[in-house]
Trainee: 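Input: one structure, supplied below.
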There are 2 protein chains.
Amino acid sequence: MTFQKSESAGYLTNHMARLFANGLQRRIQPLGLAPAQFMTLLELWDEDGLTQKQLLERLDVEQATMANTLRRMERDGWIVRRPHPDDGRAHQAWLTPKARAVRDAATDAADAQNGVALTDLSDEERATFLDLMRRVIHAMQVWEGKEAR
Amino acid sequence: MTFQKSESAGYLTNHMARLFANGLQRRIQPLGLAPAQFMTLLELWDEDGLTQKQLLERLDVEQATMANTLRRMERDGWIVRRPHPDDGRAHQAWLTPKARAVRDAATDAADAQNGVALTDLSDEERATFLDLMRRVIHAMQVWEGKEAR
DNA sequence: GTTTTTTACATAGCACGCTATATTAACAAG
DNA sequence: CTTGTTAATATAGCGTGCTATGTAAAAAAC
């Protein structure tokens with residue numbers, strides 16, 4: 001009858017996410033980079049000049065969260081924000097040379113942390129794990145969508 | 001070569017954890033309860049009168065994190081803190097009647113959120129998922145331990 | 001063409017995680 | 001018994017997430 005935390009997907013997910021974040025943070029902190037900034041850079045490395053709106057859609061965070069992350073990233077010299085040429089409300093985020101320079105080191109750090117986390121899993125188990133996570137994410141997103149009506 | 005976020009266990013974990021936290025938050029907010037407070041109550045429902053040190057060990061959070069959570073929980077009337085009878089440095093956290101009263105509603109909310117998240121998984125897949133998460137958590141904890149030396 | 005609504009962004013305020021540091025009590029050494 | 005160290009808690013400061021609200025530009029309605 002007692003709620004067993006070790007049987008709760010949410011509890012385990014929370015714990016796992018904190019361990020991931022701590023490990024990543026430790027690895028990228030020497031670069032002067034923070035986890036959410038790294039996550040945002042992943043998108044900009046893939047496509048530069050995105051607007052705040054585009055970024056928050058791709059990363060699935062709230063608008064205010066992205067606004068704050070972008071402000072810190074501009075402060076720390078990872079991006080510059082310039083007004084959008086066709087839309088007076090929007091701003092585009094552009095990578096600085098410093099941000100392009102740190103790409104390899106940062107993705108290596110993330111790869112290393114993933115490697116540590118998955119050490120005890122076989123290749124097949126790793127694939128299963130990613131698949132299950134994607135399906136769980138999808139289920140919650142769908143449900144959120146339903147809730148919105 | 002490009003870092004693929006949908007292939008990164010850490011990225012997916014972070015996303016999944018945010019969805020879990022948002023869902024749980026929405027469900028327990030009517031009770032006046034926040035996620036970390038719920039997590040802490042899980043321990044105290046199981047064993048009342050724990051010290052801050054015992055709680056942070058069981059929940060694997062930093063001491064300062066637990067100190068702040070306990071302060072908010074006392075402020076919100078979930079616990080009272082009294083000096084430990086045998087150790088002048090320590091305090092014990094004791095549940096209020098209000099905290100005992102909310103137990104069923106809160107665990108039901110957590111169960112419901114887990115249910116939504118796992119809708120698309122079979123019983124066997126759910127078991128596999130929990131098992132994989134436990135092993136990933138374990139791997140990162142072991143590695144952290146090694147790092148500490 | 002003016003008015004209304006929607007959209008993009010900013011800001012305030014809070015929870016919760018972290019590191020780093022201070023404080024005080026307990027314990028160990030001498 | 002005094003001194004030095006360890007252990008339990010508190011506090012400051014910050015990043016990242018959230019909700020709620022404000023503002024200005026764009027788009028839609030009329």
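Order of the sequence lines fixes the chain letters, A, B, ..., with proteins taken first and strands second; residue numbering starts at 1 for each chain.
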Trainee: Describe the nucleic acid contact of A/His84 in one word from base, sugar-phosphate, nothing, applying a heavy-atom distance below 4.0 Å.
Mentor: nothing

Trainee: When all nucleic acid strands are considered with a 4.0 Å heavy-atom cut-off, which category describes B/Ala21: base, sugar-phosphate, or nothing?
Mentor: nothing

Trainee: Hey, is the side chain of A/Asn22 poking within less than 4.0 Å of OP1 or OP2 on C/dC18, counting only N and O atoms?
Mentor: yes

Trainee: Would you say A/Gln37 and A/Arg72 make side-chain contact, with heavy atoms under 4.5 Å?
Mentor: yes

Trainee: To the nearest Å, how far apart are B/Leu24 CG and C/dA15 P?
Mentor: 16 Å

Trainee: Go nucleotide by nucleotide along DNA chain D from the 5' end; which of A/Asp76 and B/Lys53 gets its closest nucleotide reached first?
Mentor: B/Lys53

Trainee: So which nucleotide from D/dG17, C/dC9, C/dA15 ends up closest to the side chain of A/Gln52?
Mentor: C/dC9

Trainee: Let me see the working for B/Asp120 and B/Glu125 under side-chain contact (heavy atoms from CB on, under 4.5 Å), right down to the final yes or no.
Mentor: CA-CA 9 Å; B/Asp120 294 346; B/Glu125 286 172 328; over 6 Å; no

Trainee: Can you measure B/Glu62 atom CD to D/dC14 atom C1' for me and round it to whole angstrom units?
Mentor: 15 Å

Trainee: When the ring planes of A/Phe129 and B/Phe129 are compared, do they come out parallel, tilted or perpendicular, using 30° and 60° as the limits?
Mentor: tilted

Trainee: Evaluate the side-chain proximity of A/Phe20 to A/Leu24: yes if any heavy-atom separation is below 4.5 Å, no if none is.
Mentor: no

Trainee: Starting at the 5' end of DNA chain C and moving along, which residue's nearest nucleotide shows up first, A/Asn68 or B/Pro35?
Mentor: A/Asn68

Trainee: For the pair made of CE in B/Met66 and P in D/dT11, what is the distance, rounded to whole Å?
Mentor: 16 Å

Trainee: Reckon B/Gln29 has a side-chain N or O less than 4.0 Å from the OP1 or OP2 of D/dC18?
Mentor: no

Trainee: Choosing from D/dG15, D/dT9, D/dG17, which nucleotide comes nearest the side chain of B/Ala90?
Mentor: D/dT9

Trainee: With a 4.0 Å limit, can you tell me whether A/Arg81 has a side-chain N or O closer than that to the phosphate oxygens OP1/OP2 of C/dA10?
Mentor: yes

Trainee: Starting the side chain at C-beta, find the nucleotide from D/dA12, D/dT16, C/dA15 nearest to A/Ala34.
Mentor: D/dT16

Trainee: How close or far is atom C1' of D/dT9 from atom CD1 of B/Ile79, stated in whole angstroms?
Mentor: 13 Å

Trainee: Kindly point out which of C/dA15, C/dC18, D/dG17 is positioned nearest to the side chain of B/Arg72?
Mentor: C/dA15

Trainee: What heavy-atom pair brings B/Asp76 and B/Lys98 nearest, and what distance separates the two atoms?
Mentor: O-NZ, 2.6 Å

Trainee: Does C/dA15 have its OP1 or OP2 closer than 4.0 Å to a side-chain nitrogen or oxygen of B/Arg75?
Mentor: yes

Trainee: Counting only side-chain N and O atoms of B/Thr65, is one of them less than 4.0 Å from OP1 or OP2 of C/dC16?
Mentor: no

Trainee: Determine the contact category for A/Gln37: base if any of its heavy atoms lies under 4.0 Å from a base atom, sugar-phosphate if only primed atoms, P, OP1 or OP2 are that close, otherwise nothing.
Mentor: sugar-phosphate

Trainee: Nearest-nucleotide wise, let me know which of A/Leu56 and A/Gln25 is further upstream toward the 5' end of DNA chain C.
Mentor: A/Leu56

Trainee: What is the separation between atom CD on A/Glu74 and atom C1' on C/dC9, rounded to the nearest whole Å?
Mentor: 13 Å

Trainee: How close or far is atom C1' of C/dA15 from atom CH2 of B/Trp78, stated in whole angstroms?
Mentor: 15 Å

Trainee: State, with a plain yes or no, whether a side-chain heavy atom of A/Asp60 is found less than 4.5 Å away from one of B/Leu19.
Mentor: yes

Trainee: Can you measure B/Tyr11 atom OH to D/dG17 atom C1' for me and round it to whole angstrom units?
Mentor: 14 Å

Trainee: Under a 4.5 Å cut-off applied to non-hydrogen side-chain atoms, are A/Ile137 and A/Gln141 in contact?
Mentor: yes

Trainee: Base, backbone or nothing for each nucleotide of nucleotides 23-28 of chain D, written B, S, -, heavy atoms under 4.0 angstrom, 5' to 3'?
Mentor: --BS--

Trainee: Quickly work out the A/Ile28 CD1 to D/dG15 P distance and round it to whole Å.
Mentor: 13 Å

Trainee: State, with a plain yes or no, whether a side-chain heavy atom of A/Leu56 is found less than 4.5 Å away from one of A/Thr65.
Mentor: no

Trainee: Among B/Gln63, B/His84, B/His91, B/Glu57, whose side chain to side chain donor-acceptor pair (under 3.5 Å) with B/Gln52 holds?
Mentor: B/Gln63

Trainee: A/Arg71 side chain N/O closer than 4.0 Å to the phosphate oxygens (OP1, OP2) of C/dA10?
Mentor: no

Trainee: Does B/Gln63 put a side-chain nitrogen or oxygen below 4.0 Å from OP1 or OP2 of C/dC18?
Mentor: no

